[in-house]
Number of protein chains: 2
Amino acid sequence: MSPRDSLSRTRKGERTKENILTTALELFSKDGYEETTMRAIAESAGVSVGSAYYYFPSKEHLVQAYYMRLVKEHADAARELLEKEKTLRRRIAGVLQTKMDTLEPYHRFSPAIARQGIDPESPLNPFSNESYEARTEAIALWEEVVEGARERIHKDLRKELPEMLWLCSEGIVLYSVYDRTEGRERTRQLIDDSADLLSRLIKMAGLPLIGPVRKLVLRIMKNAAPWRVGPQL
Amino acid sequence: MSPRDSLSRTRKGERTKENILTTALELFSKDGYEETTMRAIAESAGVSVGSAYYYFPSKEHLVQAYYMRLVKEHADAARELLEKEKTLRRRIAGVLQTKMDTLEPYHRFSPAIARQGIDPESPLNPFSNESYEARTEAIALWEEVVEGARERIHKDLRKELPEMLWLCSEGIVLYSVYDRTEGRERTRQLIDDSADLLSRLIKMAGLPLIGPVRKLVLRIMKNAAPWRVGPQL
DNA sequence: GTCTATAGCCCGATAGAC
DNA sequence: GTCTATCGGGCTATAGAC
């Protein structure tokens with residue numbers, strides 16, 4: 001078999017895989033996750049059930065593939081925004097708002113994603129070993145948020161801040177799952193208020209009276225962060 | 001049919017139901033939730049599959065019944081503790097530690113509970129309409145925590161504080177699902193540190209410079225609390 | 001009217017032929 | 001790499017026992 005043949009085989013496989021994923025996402029957002037059967041996905045995509053399972057070992061893997069796609073999409077959108085905004089408050093709010101933009105088209109089945117993400121054994125869990133790469137990239141993004149901000153930040157805090165902001169962002173994403181308002185309006189309000197609050201707190205962290213509280217917060221972060229404590233958690 | 005007959009019938013039904021639930025919980029914690037089949041539960045309990053489904057409309061309902069049992073158990077244990085402790089810090093920590101005690105025996109399948117609890121449609125979701133009663137009772141418990149504490153608390157904050165503490169407690173319970181340390185040691189550490197931090201912040205909320213931040217926090221709480229905003233969220 | 005048993009549907013997942 | 005056939009398990013319909 002010539003290299004060219006094997007290449008076009010691979011290409012064909014990728015197209016088939018892409019086709020199955022796209023079809024699945026359409027059906028998920030049209031009918032919901034539970035309601036969409038693997039048989040329906042396969043039929044709609046014009047392949048057999050066996051083929052669908054050849055590319056995606058389980059129905060959950062379809063959701064995972066979609067999620068990984070989103071992480072990259074969001075990083076691009078967020079970095080574009082960070083070029084323009086320089087205040088901490090606007091940078092925090094902006095990154096979170098672009099996250100909402102990215103998630104919006106598939107809000108219909110976000111509960112299915114959340115259900116998987118909450119399971120400690122699932123690769124979709126934001127704290128899992130399998131998510132290491134996605135998590136690192138996401139935290140790096142928050143590092144840029146902090147680095148590029150014009151505000152002065154207390155140096156002890158500066159080191160931990162990206163992970164703390166990432167954790168907050170995970171919380172807000174979780175909140176948005178429950179948000180049934182048009183265009184995630186309520187979550188967007190929460191984002192603006194939270195960015196206001198967070199930027200104030202970060203600036204306050206340098207004040208002399210705040211020392212003990214700051215130390216305590218950093219201590220909690222250090223002891224409790226599950227994604228750093230290794231296999232036992 | 002005499003009333004006595006119908007009473008003993010009902011009794012028998014209750015015993016059967018209890019028997020099925022107990023058997024299910026044993027199997028869940030021995031083999032895990034996913035691994036335990038309804039057929040196995042029915043066989044172990046000495047009833048038919050149909051009978052099991054007569055008492056529990058779905059496998060998830062078994063988990064729900066167990067959860068409701070825990071809520072009551074915890075309220076009793078917590079109130080006993082509140083008799084003894086009078087400082088805010090110890091009251092917060094104590095209520096959370098008793099919560100851990102209550103959850104401990106079934107930690108093995110807590111991920112299965114979390115998966116259901118995270119789903120906006122599930123009655124187990126802490127913010128759902130079906131959870132209204134359990135939620136109200138849980139918030140009432142936190143109200144006792146605040147009321148019975150010897151510390152002075154700023155009056156604007158005092159009104160919102162029980163719900164805020166309840167929300168924090170939900171977060172800590174979620175954290176404990178991921179905690180694989182012996183006896184939830186890491187979560188218990190987090191609880192002690194969090195109680196320290198929270199009691200400090202609550203006391204600080206009265207300081208003059210903190211005014212704008214306090215107002216902002218209360219605003220966020222008011223706008224974002226999903227369990228109060230009615231059917232649209 | 002309260003409870004139990006059986007047979008079988010549906011769908012996620014797998015085995016194995018080609 | 002794709003297919004068909006089949007399995008396992010959650011769940012249901014329904015017929016009856018008491």
Side-chain angles (χ1 to χ4, degrees), chain A residues 1-2 4-21 23-24 27-28 31-65 109 112-113 115-116 119 121-124, chain B residues 1-21 23-24 27-28 30-65 109 112-113 115-116 119 121-124:
Chain A
M1 190 190 298
S2 78
R4 204 189 156 280
D5 279 350
S6 101
L7 184 66
S8 69
R9 280 257 186 99
T10 307
R11 283 263 175 73
K12 181 159 173 277
E14 271 167 23
R15 273 207 317 278
T16 308
K17 185 171 180 175
E18 191 60 32
N19 176 26
I20 294 168
L21 179 57
T23 308
L27 291 176
F28 286 161
D31 304 326
Y33 179 76
E34 311 286 353
E35 289 71 21
T36 306
T37 69
M38 287 300 280
R39 285 165 176 83
I41 294 168
E43 193 184 352
S44 255
V47 298
S48 69
V49 183
S51 281
Y53 275 100
Y54 175 80
Y55 289 104
F56 298 95
S58 80
K59 195 177 172 184
E60 295 198 343
H61 278 79
L62 283 163
V63 176
Q64 287 172 32
F109 68 98
I113 305 172
R115 272 187 82 126
Q116 284 186 53
D119 190 329
E121 303 303 320
S122 167
L124 257 188
Chain B
M1 189 188 299
S2 79
R4 204 190 156 280
D5 280 350
S6 102
L7 184 67
S8 69
R9 278 259 184 99
T10 308
R11 282 264 176 74
K12 181 159 175 275
E14 270 167 24
R15 273 207 316 279
T16 307
K17 187 171 179 175
E18 191 60 31
N19 175 28
I20 293 168
L21 178 57
T23 308
L27 292 176
F28 287 160
K30 184 160 73 73
D31 304 327
Y33 179 77
E34 310 287 352
E35 289 71 20
T36 306
T37 69
M38 287 300 279
R39 285 163 176 86
I41 293 169
E43 194 184 350
S44 254
V47 299
S48 69
V49 182
S51 283
Y53 275 101
Y54 175 78
Y55 290 105
F56 299 95
S58 80
K59 194 178 173 183
E60 295 199 344
H61 278 78
L62 282 164
V63 177
Q64 287 172 31
F109 68 99
I113 305 171
R115 274 187 79 131
Q116 284 187 53
D119 190 328
E121 302 304 320
S122 167
L124 256 189

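Worth knowing before you read on, the calculation uses all heavy atoms, side chains too, and leaves out hydrogens, waters and symmetry mates. Only a predicted model underlies this, so the values are computations on that prediction, with no experimental measurement involved. Order of the sequence lines fixes the chain letters, A, B, ..., with proteins taken first and strands second; residue numbering starts at 1 for each chain.
Atom CZ in A/Arg11 sits roughly 14 Å away from atom P in D/dG1 (whole-Å rounding). Rounded to an integer number of Å, the gap from CD of B/Glu43 to P of C/dT4 is 17 Å. Protein atom CZ of A/Arg39 is 13 Å distant from nucleotide atom P of D/dA5, rounded to whole Å. Regarding A/Met38, its CE atom lies at a distance of 15 Å from the C1' atom of D/dT2, rounded to whole Å. Between the CD atom of A/Glu34 and the P atom of C/dC10 there is a distance of 18 Å, given to the nearest Å. In this entry the distance linking CG of A/Asn19 with C1' of D/dG1 reads 15 Å, nearest Å. Atom P of nucleotide D/dG9 and atom CD1 of B/Ile41 are separated by 12 Å, given to the nearest angstrom.
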Stepwise side chain to side chain contact (heavy atoms under 4.5 Å, CB included) check, A/Met38 with A/Leu62: CA-CA 10 Å; A/Met38 287 300 280; A/Leu62 283 163; 4.0 Å; yes
Evaluation steps, side chain to side chain contact (heavy atoms under 4.5 Å, CB included), between A/Ser44 and A/Leu27: CA-CA 9 Å; A/Ser44 255; A/Leu27 291 176; 4.0 Å; yes
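Remark: A/Lys12 is in phosphate contact with D/dT2, judged by side-chain N or O atoms under 4.0 Å from OP1 or OP2.
For the segment residues 47-63 of chain B, residues with any heavy atom less than 4.0 angstrom from an atom of DNA chain D are, sorted by number, B/Tyr53, B/Pro57, B/Ser58, B/Lys59.
More than 12 heavy atoms of other residues, nucleotides or ligands sit less than 6.0 Å from atom CD of B/Glu35.
Of all non-hydrogen atoms in A/Ala52 and A/Ile20, the two that sit nearest each other are CA-CD1, 3.9 Å.
Between A/Tyr33 and A/Phe109, the two ring planes are parallel [angle under 30°; tilted spans 30° to 60°].
In terms of modelled atom types and a separation under 3.5 Å, the side chain of B/Asp31 and the main chain of B/Thr36 share no donor-acceptor contact.
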